[in-house]
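A, B, ... follow the sequence lines: proteins, then strands. Residue 1 opens every chain.
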Protein chains: 2
Amino acid sequence: MSKQGLKVIGQTTDAGCCPSLSAAPLDEDRAADLAKLFKALGDPVRLRLMSMIASRGDGGEVCVCELTPAFDLSQPTISHHLKLLRQAGLIDCERRGTWVYYWALPQALDRLAAFLTSARPAGAEA
Amino acid sequence: MSKQGLKVIGQTTDAGCCPSLSAAPLDEDRAADLAKLFKALGDPVRLRLMSMIASRGDGGEVCVCELTPAFDLSQPTISHHLKLLRQAGLIDCERRGTWVYYWALPQALDRLAAFLTSARPAGAEA
DNA sequence: GGCTTGTATTGACGTTCGTTGATCCAACCT
DNA sequence: AGGTTGGATCAACGAACGTCAATACAAGCC
């Protein structure tokens, strides 16, 4: 957000094809918010990590020592991806003794699922 | 996929915390496939575009001339994002006369929603 | 034909991302 | 205290991404 003037949106732009479109169904703020969640899951490694963590029931936890050897990646890389998932609000962690345990935050997944179903057209079953 | 030997995963690694983890609930291939979809939606502009397109009922279409002026971005940028959404299999388009119309492919959204609900822990409501 | 409008493509730029080796910190164990 | 192990952080690299101006293509209109 820096180098472009923005003031050209006020027109109707109905040159012949557009019967005056309604407002966008997803405002910029919500889009930016949801996009962060989608982006966090937009990497195969993070998606597998999320799947491994979330598939452990509600109060289920996964030790990092179980996650790291499941990938052909270095330990810092896995740690980095876990950090991104945590910053996105998809998981949280706690250190217990020597090991660190991660668990899923289901409300983040719920927000994504809610958007996907709401974005679905209503004509599919009506 | 190029510069690392991978042959160190065969161990049990149960040093004291891991009661022999089960297999990952999402294999690499499916993870890579789904990650492409998530990644395509991991940009606020593309997410808004997808929302604007998908909110048009089942057979609904949106003209590009309606999408472009809704953003403070250049026309090539919008065209580029639409191309990425199309390559991800989320939308498709057709040229009709002078204008190009886009519509959503609901099955892609369904796959994402199915994954999100399947990845959700079963203890939330049981 | 030429002109105009809508859309896609190209080439380039700065930024962000994914990965790694090296290093650091925390906790356990003698 | 020293040594070892699990995990996070740092610094750096190449690759991919988002954006734009310029250009090319497609279709209608004069």
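- Side chain of A/R86 to main chain of A/I91: no donor-acceptor pair is present (N/O by atom type, distance under 3.5 Å, no hydrogens or angles).
- Taking atom CG on B/D43 and atom P on D/dA16, their separation rounds to 18 Å, with Å as the unit.
- Between B/F38 atom CZ and A/L47 atom CG the span is 6.0 Å, to the nearest 0.5 Å.
- Among B/I53, B/L84, B/L37, the single residue meeting the side chain to side chain contact (heavy atoms under 4.5 Å, CB included) criterion with B/L90 is B/L37.
- Distance from the side chain of B/T77 is smallest for D/dC20 among the nucleotides D/dG28, C/dA8, D/dC20.
- Residues A/P76 and A/R95 both approach DNA chain C. Their nearest nucleotides, taken by heavy-atom distance, put A/P76 toward the 5′ side.
- Minimum atom distance to the side chain of B/W99 is reached by C/dG6, of the listed C/dT19, C/dG6, D/dC20.
- For A/V45, the listed nucleotide lying nearest its side chain is C/dT19; candidates were C/dT19, D/dA8, D/dG18.
- Contact annotation: A/K39 side-chain N/O to C/dC17 OP1/OP2 distance is under 4.0 Å.
- Nucleotide C/dA8 holds its P atom 10 Å from the CD1 atom of B/I91, rounded to whole Å.
- For B/L85 and D/dC17, the CG to C1' distance is 14 Å, given to the nearest whole Å.
- A distance of 12.5 Å separates CG of B/L73 from OG of B/S79, quoted to the nearest 0.5 Å.
- When rounded to the nearest whole Å, the span between CG of B/L47 and C1' of D/dC17 equals 17 Å.
- Contact annotation for B/R46: backbone-only contact, meaning every heavy-atom pair under 4.0 Å involves sugar-phosphate atoms and none involves a base.
- A/R96 has its CZ atom 14 Å from the P atom of D/dA8, to the nearest Å.
- B/H81 comes within contact range of the sugar-phosphate backbone alone, with a heavy-atom separation under 4.0 Å but no base atom that close.
- The CG atom of B/L73 sits 10 Å away from the C1' atom of D/dC20 (whole-angstrom rounding).
- Taking 4.0 angstrom as the limit, B/T98 places none of its side-chain polar atoms (N or O) nearer than this to OP1 or OP2 of D/dA27.
- Under 4.0 angstrom from either OP1 or OP2 of D/dG6 there lies no side-chain N or O belonging to A/Y101.
- Taking the ring axis of A/F71 as reference, the NZ or CZ atom of A/R48 stays within 45° of it and closer than 6.0 Å to the ring centre.
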